[in-house]
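Report on the following structure.
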There are 2 protein chains.
Amino acid sequence: MSDTARTILLVDDHAVVREGYRSMLQKQPGLSVIAEASDGVEAYRLYKETGPDLVIMDLSMPGIGGIEAIRRLRQWDKRAKILVFTMHQNAAFAVQAIRAGASGYVTKTSPPETLLHAVIDALAGKIAISPDIDHELALSHLAGERAAADLLTAREFEVLRMLLAERTTDEIAGTLHLSPKTVANLHSMIKDKLGVSSDIELVRLALRQGILTQIDLGEG
Amino acid sequence: MSDTARTILLVDDHAVVREGYRSMLQKQPGLSVIAEASDGVEAYRLYKETGPDLVIMDLSMPGIGGIEAIRRLRQWDKRAKILVFTMHQNAAFAVQAIRAGASGYVTKTSPPETLLHAVIDALAGKIAISPDIDHELALSHLAGERAAADLLTAREFEVLRMLLAERTTDEIAGTLHLSPKTVANLHSMIKDKLGVSSDIELVRLALRQGILTQIDLGEG
DNA sequence: GGCGGTGCCGGGAAAATTTCACGACCGCAC
DNA sequence: GTGCGGTCGTGAAATTTTCCCGGCACCGCC
């Protein structure tokens with residue numbers, strides 16, 4: 001194992017960030033970056049092509065997001081090791097990523113040592129969570145803010161996503177073949193269950209929990 | 001000018017990104033990174049200390065944001081050259097940055113050549129805008145989506161910010177010493193002027209325009 | 001000074017929405 | 001079968017939102 005370097009696939013839509021990884025990783029002996037992808041689809045293709053020992057992946061990317069990309073990679077190779085390295089200092093994202101099959105979750109604000117440590121841990125089969133996210137996780141538990149997805153029924157969650165993404169109550173009713181009245185009732189029930197009183201709080205909660213990402217906002 | 005390298009100050013809260021800049025810039029002869037800062041305050045201190053020829057600055061940072069940091073730097077040194085390099089592919093941010101005194105605006109998704117080109121342009125005193133933002137600017141004009149700040153009166157804008165940040169109509173009325181009725185009327189007028197019909201759309205618009213940043217969302 | 005335009009503040013009533021209580025259906029577990 | 005939870009819809013009350021109004025102050029202009 002000392003003669004053959006461990007191979008790494010970088011996935012990030014920002015060229016400068018990939019350059020940063022590369023620069024940091026090549027200082028470490030025994031690691032070799034063999035490929036780079038800038039979105040989920042390319043990552044999937046290059047993974048199949050190169051079969052790296054580890055994938056370092058960002059979450060926010062155009063097209064299919066990082067979470068979905070993790071899911072697909074793990075579906076194709078059950079033993080794929082994927083380390084999430086992202087700017088989102090958000091426990092909800094970390095939980096989603098780990099559930100999808102990530103081997104670790106490190107924020108970009110972390111010092112280089114933390115990343116290198118996480119890379120080594122991940123390669124050794126361990127789960128690596130950066131300290132700030134550990135802290136976040138503890139906090140969100142203490143605050144009693146349960147994940148919306150756990151609290152709501154499937155139907156309610158679907159309506160919630162549509163409320164956030166789509167437009168009026170009537171349009172949602174049409175799409176879901178429901179009475180506008182029922183959609184309004186669901187809307188009310190959702191706010192009740194999530195403990196918010198206004199739509200503005202609802203959107204903020206959704207953003208915190210990663211149900212709505214700021215990337216979705218562009219096309220209104 | 002060929003014997004003395006042009007000096008650069010890097011400002012970004014992500015260590016890996018600074019590493020990426022450094023790696024990319026050192027390939028270019030005649031450029032020298034002399035300092036790095038991870039937030040606005042540190043950037044200000046280091047600028048005064050080192051007096052670089054150019055600052056490369058991210059926008060989203062803890063503490064004082066990038067826009068405010070630009071403003072302060074320019075206040076201290078009217079001729080400071082500041083190149084914004086950010087993930088936000090958002091025309092509104094670009095406009096704010098340029099107004100604050102930035103010499104250019106490049107997105108992190110841009111290829112390395114674009115960054116280098118922008119650096120050279122900025123050092124030469126030119127304004128550099130990356131093509132995707134140019135496109136965004138054109139689009140937002142075509143779509144007729146005017147900046148909220150221009151459309152609203154001072155009072156309306158204040159209420160808008162409070163609606164986004166604060167809580168109920170009554171609380172805002174208390175803080176501003178207004179009748180709840182007036183706040184409700186303002187709220188209605190704001191939505192009318194901005195051309196949205198629901199609070200959810202309002203929040204989305206605010207996020208697009210950078211009135212509310214996702215960083216503000218943490219503490220609810 | 002007189003006169004329009006605009007922003008600011010709030011009232012009142014109509015209109016729309018939200019909330020609440022209720023009933024019914026369905027699938028599922030016990 | 002019975003109970004339970006999720007789903008869907010209705011209607012009526014309560015609240016909020018919207019619309020229209022008048023009053024006030026300020027400003028530029030003739």
Side-chain angles (χ1 to χ4, degrees), chain A residues 99 144-209 211-212 220, chain B residues 99 144-209 211-212 220:
Chain A
R99 280 212 190 118
E145 180 174 301
R146 297 273 312 287
D150 295 345
L151 228 44
L152 302 179
T153 66
R155 201 50 148 181
E156 285 162 350
F157 194 71
E158 195 171 8
V159 171
L160 171 56
R161 273 192 315 185
M162 288 200 158
L163 281 169
L164 296 171
E166 209 142 325
R167 33 242 139 235
T168 67
T169 298
D170 292 300
E171 285 170 325
I172 297 175
T175 308
L176 258 45
H177 303 292
L178 295 178
S179 144
K181 191 77 191 173
T182 300
V183 176
N185 278 340
L186 268 310
H187 187 174
S188 177
M189 177 64 86
I190 289 165
K191 290 203 283 185
D192 186 36
K193 280 193 177 178
L194 298 184
V196 300
S197 56
S198 71
D199 281 345
I200 290 177
E201 281 184 81
L202 186 63
V203 178
R204 296 173 63 123
L205 181 73
L207 279 163
R208 269 208 305 279
Q209 300 224 351
I211 300 165
L212 178 70
Chain B
R99 281 212 189 120
E145 179 175 303
R146 298 271 312 286
D150 295 344
L151 227 44
L152 302 179
T153 67
R155 201 47 149 180
E156 285 162 351
F157 195 71
E158 194 172 8
V159 170
L160 171 57
R161 273 192 316 183
M162 287 199 160
L163 281 169
L164 296 170
E166 209 143 325
R167 33 243 140 231
T168 67
T169 297
D170 292 299
E171 284 171 326
I172 297 175
T175 309
L176 259 44
H177 302 294
L178 295 177
S179 145
K181 184 72 198 192
T182 300
V183 177
N185 278 340
L186 268 309
H187 187 176
S188 179
M189 177 64 86
I190 289 165
K191 290 204 283 184
D192 185 36
K193 280 193 178 178
L194 298 184
V196 301
S197 56
S198 70
D199 281 344
I200 289 178
E201 280 182 81
L202 185 65
V203 178
R204 294 173 64 122
L205 180 75
L207 279 163
R208 270 208 305 278
Q209 301 224 352
I211 299 165
L212 178 69

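This structure is a prediction, so every number in the text was calculated from the model and none was measured. Naming: A, B, ... by sequence-line order, numbering from 1 per chain.
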Worksheet item: At what distance, to the nearest 0.5 angstrom, does NZ of Lys193(B) lie from CD of Glu156(B)?
Response: 3.5 Å
Practice prompt. Could you tell me the separation between the CD1 atom of Ile172(B) and the P atom of dT16(D), rounded to a whole number of Å?
Written response: 14 Å
Response to the item:
Separation of dT18(D) atom C1' from Asp192(B) atom CG, nearest Å, is 10 Å
Show the distances under 3.5 angstrom between N or O atoms of the protein and N or O atoms of nucleotides 4-8 of chain D.
residue: dT7(D); atom: OP1; partner: Arg155(A); partner atom: N; Å: 3.3
residue: dT7(D); atom: OP2; partner: Thr153(A); partner atom: OG1; Å: 2.4
residue: dC8(D); atom: OP1; partner: Arg155(A); partner atom: NE; Å: 3.3
residue: dC8(D); atom: OP1; partner: Arg155(A); partner atom: NH2; Å: 2.9
residue: dC8(D); atom: OP2; partner: Arg155(A); partner atom: NE; Å: 2.8

Item to complete: Please report the C-alpha distance between Arg161(B) and Glu158(B) in whole Å, then the side-chain angles of each, then the deciding distance to 0.1 Å, and finally whether the salt bridge (Lys or Arg N to Asp or Glu O under 4.0 Å) criterion is met.
Response: CA-CA 5 Å; Arg161(B) 273 192 316 183; Glu158(B) 194 172 8; 5.5 Å; no
Is there a side-chain contact between [X] and [Y] (heavy atoms, below 4.5 Å)?
X: Leu152(B); Y: Val159(B); value: no
X: Val203(A); Y: Leu202(B); value: no
X: Ile172(B); Y: Leu186(B); value: no
X: Val183(A); Y: Leu176(A); value: no

Worksheet item: Counting any heavy atom closer than 4.0 Å, what does Asn185(A) reach on the DNA or RNA strands: base, sugar-phosphate only, or nothing?
Response: base
Practice prompt. Let me see the working for Arg204(A) and Glu201(A) under salt bridge (Lys or Arg N to Asp or Glu O under 4.0 Å), right down to the final yes or no.
Written response: CA-CA 5 Å; Arg204(A) 296 173 63 123; Glu201(A) 281 184 81; over 6 Å; no
Practice prompt. Could you list where the contact with chain B starts and ends along DNA chain C, reading 5' to 3', using a 4.0 Å heavy-atom cut-off?
Written response: dG7(C) to dA13(C)
